[in-house]
Number of protein chains: 2
Amino acid sequence: METENLRGLFQLLTRRFGFLSKNCCSVGEKEISLVQSHILFEVSRQHNPSIQQVAETLGTDITTFSRQIQSLIKMGLVKKTPDIGDRRISILSLTKEGEEMNETIDRQMNEYLEEIFLTMNEFEKETVVRSLKFLNERMVKSSVCCTTPLG
Amino acid sequence: METENLRGLFQLLTRRFGFLSKNCCSVGEKEISLVQSHILFEVSRQHNPSIQQVAETLGTDITTFSRQIQSLIKMGLVKKTPDIGDRRISILSLTKEGEEMNETIDRQMNEYLEEIFLTMNEFEKETVVRSLKFLNERMVKSSVCCTTPLG
DNA sequence: GTCATAAACTTGCATTTTGCAAATAATAAG
DNA sequence: CTTATTATTTGCAAAATGCAAGTTTATGAC
């Protein structure tokens, strides 16, 4: 097989997805940053995660993350509940407003992505989506640097 | 077809690629940031781009970008040449050292990615790579927000 | 040509983000 | 009980960001 420039491929793909995400985080009155939208996404995705868990998943320094959570709490999007078994730990969850924000962003992003996939036929779309899923799985399993326990 | 969570798929994929990229920007003595590695990548990829062109491609504010270029010049990785036809314009190019740095990062990243693809057979790999390329093309063509002229 | 307008950058702040070091609080180990 | 260890928070100080305003060069109207 010819030598592919895999790096370029990934770089361009992620950049384009980044552009897609950029504008998509203001919902009604509230506006959050890209990083903050990732936090909502991840808090929603994990089951009652601690601050440390989410920070690690996102690869953010814990001190920076602690402050980001403070902002999100001030905005009324995230809640912090002390863990019952271990009171050092703060369990994160989304408020009703946070849920709504996350869902709206989700819908928006999926809409954008669907629009891209509209240019493909069913077979092509299915192949691409299956490939992305497959690749995703393999990236998790790979031992190559930089993976986090909770990926 | 069942409803996929496309956003999640993309988000995780790009995050994982981001992790892969994170550690990979120190070459020998020199160490550059992720953003700076993107700049080297893009300056190398485009044919004698102007400052504005690269800034736009990367979606960075031009004033921020101007300063980032200054840093890279100070590090001896990038060169600025006044355009012959229009002296307002600065043409960017990599120095020999910049080229080397970019190539090393490229090699490193491709090595990591190849390692992930090693867990697939030829057919699977080819399908995935073809899917990524295909998706990339369609993202460029799509009119959905956030694309830049030079993508 | 001259003057106004616009384009390609650059600099001056002022804000935000970041992360290391150190502090705090709670648990676990011995 | 005393000493780690763990989870999180604050105190800086450095870096990144972006708007407003400046500089230099080019272009258009006249």
Side-chain angles (χ1 to χ4, degrees), chain A residues 18-19 21-23 25-26 30-40 42-43 46 48-75 78-93 146 148-150, chain B residues 15 18-19 21-23 25-26 30-40 42-43 46 48-75 77-93 146 148-150:
Chain A
F19 280 134
S21 313
K22 235 177 190 175
N23 298 8
C25 304
S26 72
K30 304 236 170 174
E31 175 157 357
I32 62 177
S33 73
L34 193 60
V35 179
Q36 290 172 330
S37 78
H38 287 353
I39 297 177
L40 295 192
E42 204 53 46
V43 170
Q46 292 184 27
N48 289 340
S50 71
I51 292 189
Q52 197 160 56
Q53 276 177 323
V54 182
E56 202 168 324
T57 307
L58 293 172
T60 320
D61 182 274
I62 182 106
T63 68
T64 302
F65 190 78
S66 169
R67 275 180 266 250
Q68 277 163 343
I69 290 296
Q70 285 170 37
S71 310
L72 287 170
I73 290 175
K74 215 173 283 172
M75 289 190 230
V78 166
K79 236 180 342 197
K80 224 170 48 178
T81 323
D83 185 284
I84 303 173
D86 184 341
R87 284 184 313 179
R88 287 171 304 180
I89 298 175
S90 285
I91 298 298
L92 296 176
S93 58
C146 318
T148 70
L150 298 161
Chain B
R15 183 194 301 161
F19 280 133
S21 314
K22 234 176 191 177
N23 298 8
C25 303
S26 71
K30 304 236 169 176
E31 176 156 355
I32 62 177
S33 73
L34 195 59
V35 178
Q36 290 171 330
S37 79
H38 287 353
I39 298 177
L40 295 192
E42 206 51 45
V43 170
Q46 293 184 25
N48 290 339
S50 70
I51 291 189
Q52 199 160 55
Q53 277 177 324
V54 182
E56 202 168 323
T57 307
L58 293 172
T60 319
D61 181 273
I62 183 107
T63 69
T64 302
F65 189 77
S66 170
R67 276 180 266 251
Q68 275 163 344
I69 290 296
Q70 286 170 35
S71 310
L72 287 169
I73 290 175
K74 215 173 283 172
M75 288 191 233
L77 299 174
V78 167
K79 237 179 344 197
K80 224 170 47 178
T81 323
D83 183 284
I84 302 174
D86 185 342
R87 284 184 312 177
R88 287 172 304 181
I89 298 173
S90 285
I91 299 298
L92 296 177
S93 57
C146 317
T148 71
L150 298 161

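Chain naming here is simple, since letters A, B, ... match the order of the sequence lines and numbering starts at 1 in each.
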Heavy-atom donor-acceptor pair, [X] side chain to [Y] backbone, under 3.5 Å:
| X | Y | result |
| --- | --- | --- |
| A/Thr57 | A/Gln53 | yes |
| A/Lys30 | A/Met75 | yes |
| A/Lys22 | B/Gly59 | yes |

By side-chain contact (heavy atoms from CB on, under 4.5 Å), which residues pair with [X], not counting sequence neighbours?
| X | result |
| --- | --- |
| A/Leu34 | A/Ser21, A/Cys25, A/Ser37, A/His38 |
| A/Arg67 | A/Thr63, A/Gln70 |
| B/Thr60 | B/Leu58, B/Thr64, B/Phe65, B/Gln68 |
| B/Glu31 | B/Ser26 |

(request) Name the nucleic acid region contacted by A/Ser33, choosing base, sugar-phosphate or nothing; use a 4.0 angstrom heavy-atom cut-off, strictly under. (result) nothing
(request) Could you tell me whether B/Thr60 contacts a base, only the sugar-phosphate backbone, or nothing, with contacts defined as non-hydrogen atoms closer than 4.0 Å? (result) nothing
(message) Closest approach to the side chain of A/Arg87, judged atom by atom: which nucleotide of C/dA26, C/dC20, D/dT8 is it?
(response) C/dA26
(request) Strictly below 4.0 Å, heavy-atom distances to any atom of DNA chain C: list the hits from residues 64-71 of chain B, or just say none. (result) B/Ser66, B/Arg67, B/Gln70
Whole-Å distance separating the [atom1] atom of [X] from the [atom2] atom of [N]:
| X | N | atom1 | atom2 | value |
| --- | --- | --- | --- | --- |
| A/Leu72 | C/dT16 | CG | P | 15 Å |
| A/Ile89 | C/dA25 | CD1 | C1' | 13 Å |
| A/Leu92 | D/dT9 | CG | C1' | 14 Å |
| A/Leu58 | C/dT17 | CG | P | 15 Å |
| A/Asp86 | C/dA28 | CG | C1' | 10 Å |
| A/His38 | C/dT17 | NE2 | C1' | 15 Å |
| B/Ile32 | D/dA15 | CD1 | P | 16 Å |
| B/Glu56 | C/dA8 | CD | C1' | 12 Å |

(message) So, under a plain 3.5 Å distance rule, would you say the side chain of A/Thr63 forms a donor-acceptor pair with the base of C/dC20?
(response) yes
(message) Are A/Gln36 and A/Ser71 packed together at the side-chain level, in the sense that at least one heavy-atom pair is separated by less than 4.5 angstrom?
(response) yes
(message) Looking at A/Lys80, I'd like to know whether one of its side-chain N or O atoms comes within less than 4.0 Å of OP1 or OP2 on D/dT9.
(response) yes
(message) Heavy-atom nearest nucleotide on DNA chain C for A/Asp61 versus A/Gly85: which residue maps closer to 5'?
(response) A/Asp61
Short heteroatom pairs, N/O only, protein and nucleotides 4-6 of chain D, under 3.5 Å:
{"from": "D/dT6", "atom 1": "O4'", "to": "A/Arg88", "atom 2": "NH1", "distance (Å)": "3.2"}
{"from": "D/dT6", "atom 1": "O2", "to": "A/Arg88", "atom 2": "NH1", "distance (Å)": "2.8"}

(request) Apply the test side chain to side chain donor-acceptor pair (under 3.5 Å) to residues B/Gln52 and B/Glu56: give CA-CA distance (whole Å), side-chain angles for both, the deciding distance (0.1 Å), then the verdict. (result) CA-CA 6 Å; B/Gln52 199 160 55; B/Glu56 202 168 323; 5.8 Å; no
